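Encoded as structure tokens, the structure appears first; notes follow it.
In this text the structure is predicted, and so the values were computed from the model without any measurement. Naming: A, B, ... by sequence-line order, numbering from 1 per chain.
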Number of protein chains: 2
Amino acid sequence: MSLELTPVQTVACCSPLTRVPLSEKEADGVAPLLKALADPVRLRLMSLVASHEGGEACVCDLNDAFDLSQPTISHHLKVLHEVGLLDREKRGVWVYYKARTEALQNLAALIGGQAK
Amino acid sequence: MSLELTPVQTVACCSPLTRVPLSEKEADGVAPLLKALADPVRLRLMSLVASHEGGEACVCDLNDAFDLSQPTISHHLKVLHEVGLLDREKRGVWVYYKARTEALQNLAALIGGQAK
DNA sequence: CATAAACATTGATGAGTGTAAATATTTACC
DNA sequence: GGTAAATATTTACACTCATCAATGTTTATG
């Protein structure tokens, strides 16, 4: 196991933004998560997956929702997966991505939280 | 008054990510807000201001908290101000930035919210 | 095994971004 | 009014990033 924390692990560790100043290390850990979400296409991808039944969706369904090339969608999914916002599972020829809602909730608590 | 909605106005309008797929227009409106937060320096700036007494802080205090040039900090504050996350008020020679906590809370509700 | 389908990877490119140096602007005070 | 302090703006640059075309990989099926 690695000593490096993924962004989703990092975000679960800090008090809300408004309570105490975020340390440099914490900020460095959380920023990648926000960066991953800070793109219109990835925001919609995340929302499509999360709001889909079971909180998961097949890539085949996602490609059709955008006027973008397949590699581009694949790239965005990879970004969301790498920061830990999406889980990835292959079933036969299809790949399913699943939303990590705890990660979203931890991030939300960091941004808008009232207390630790 | 403008017909254009600022990012902070936009973010107050949508159901949570996990409830219903975000529309293209909604995503385009919200992404700039996340983009503004998706930088370690701006995250810390936002946190420094928001956690300061009264939810506001003088630029003079903020500059010293970073190992960055004054124009760079000024630039980041401008970014946060332009998306509506920070209010700006000049008092004499000093400029005070104030956190818009409702904006943060709306954003948090969008990301981690359970229902509309 | 050959072929097709689903998805990922590579490589290239144009647009955007964080940073600092230099300069400008505003305010206070002598 | 002249000077100094606080903050913003401009300009330039290195770097990142979103996108696509082309190609690769994996799985199923005939």
Inset, instruction - Provide, to the nearest angstrom, the distance between the CG atom belonging to B:Leu68 and the P atom belonging to C:dA21. - result: 11 Å
Legend entry - A:Leu37 vs A:Arg42 side-chain heavy atoms within contact, under 4.5 Å: no
Legend entry - Comparing B:Lys90 and A:Tyr96 on DNA chain C - which has the more 5′ nearest nucleotide: A:Tyr96
Inset, instruction - Give the minimum heavy-atom separation between A:Ser47 and B:Leu22, together with the two atoms involved. - result: OG-N, 2.9 Å
Inset, instruction - Assess whether side-chain contact (heavy atoms from CB on, under 4.5 Å) is satisfied between A:Leu104 and A:Met46, documenting all intermediate values. - result: CA-CA 10 Å; A:Leu104 287 176; A:Met46 194 69 203; 3.8 Å; yes
Inset, instruction - Determine whether A:Lys98 and A:Leu86 make a side-chain contact, defined as any pair of heavy atoms from C-beta on separated by less than 4.5 Å. - result: no
Inset, instruction - If a protein heavy atom is under 4.0 Å from the base, mark B; if only from the sugar-phosphate, S; if neither, -; do that for nucleotides 8-18 of chain D going 5' to 3'. - result: BB-------SS
Inset, instruction - Kindly state which residues belonging to residues 43-58 of chain B come within less than 4.0 angstrom of DNA chain D, counting heavy atoms of the residue only, listed by number. - result: B:Cys58
Inset, instruction - For A:Tyr97 and A:Val49, work out which heavy atoms get closest and say how close. - result: O-CG1, 3.2 Å
Legend entry - Whole-Å distance separating the CZ atom of B:Phe66 from the P atom of C:dA20: 12 Å
Inset, instruction - To the nearest Å, give me how far apart CG (A:Asp64) and P (C:dC7) are. - result: 10 Å
Legend entry - Length of the CG-P vector between A:Leu34 and C:dT17, whole Å: 16 Å
Legend entry - Those residues that, when tested against B:Asp61, pass salt bridge (Lys or Arg N to Asp or Glu O under 4.0 Å) (two or more places apart): none
Legend entry - Donor-acceptor side-chain pairing of A:His81 and A:Arg88 below 3.5 angstrom: no
Legend entry - Which residue lies more 5' along DNA chain D, comparing A:Val93 with B:Asp61 via nearest heavy atoms: B:Asp61
Legend entry - Interatomic distance, B:His52 atom NE2 to B:Tyr96 atom OH [nearest 0.5 angstrom]: 9.0 Å
Legend entry - 5'-most by nearest nucleotide on DNA chain D - A:Gly92 or A:Asp67: A:Asp67
Inset, instruction - Starting at atom NE2 of A:His81, determine the distance to atom P of C:dC7, rounded to an integer number of angstrom. - result: 15 Å
Inset, instruction - Provide the closest heavy-atom pair for B:Ala57 versus B:Leu62 in the form atom of the first, atom of the second, distance. - result: CB-CD2, 4.2 Å
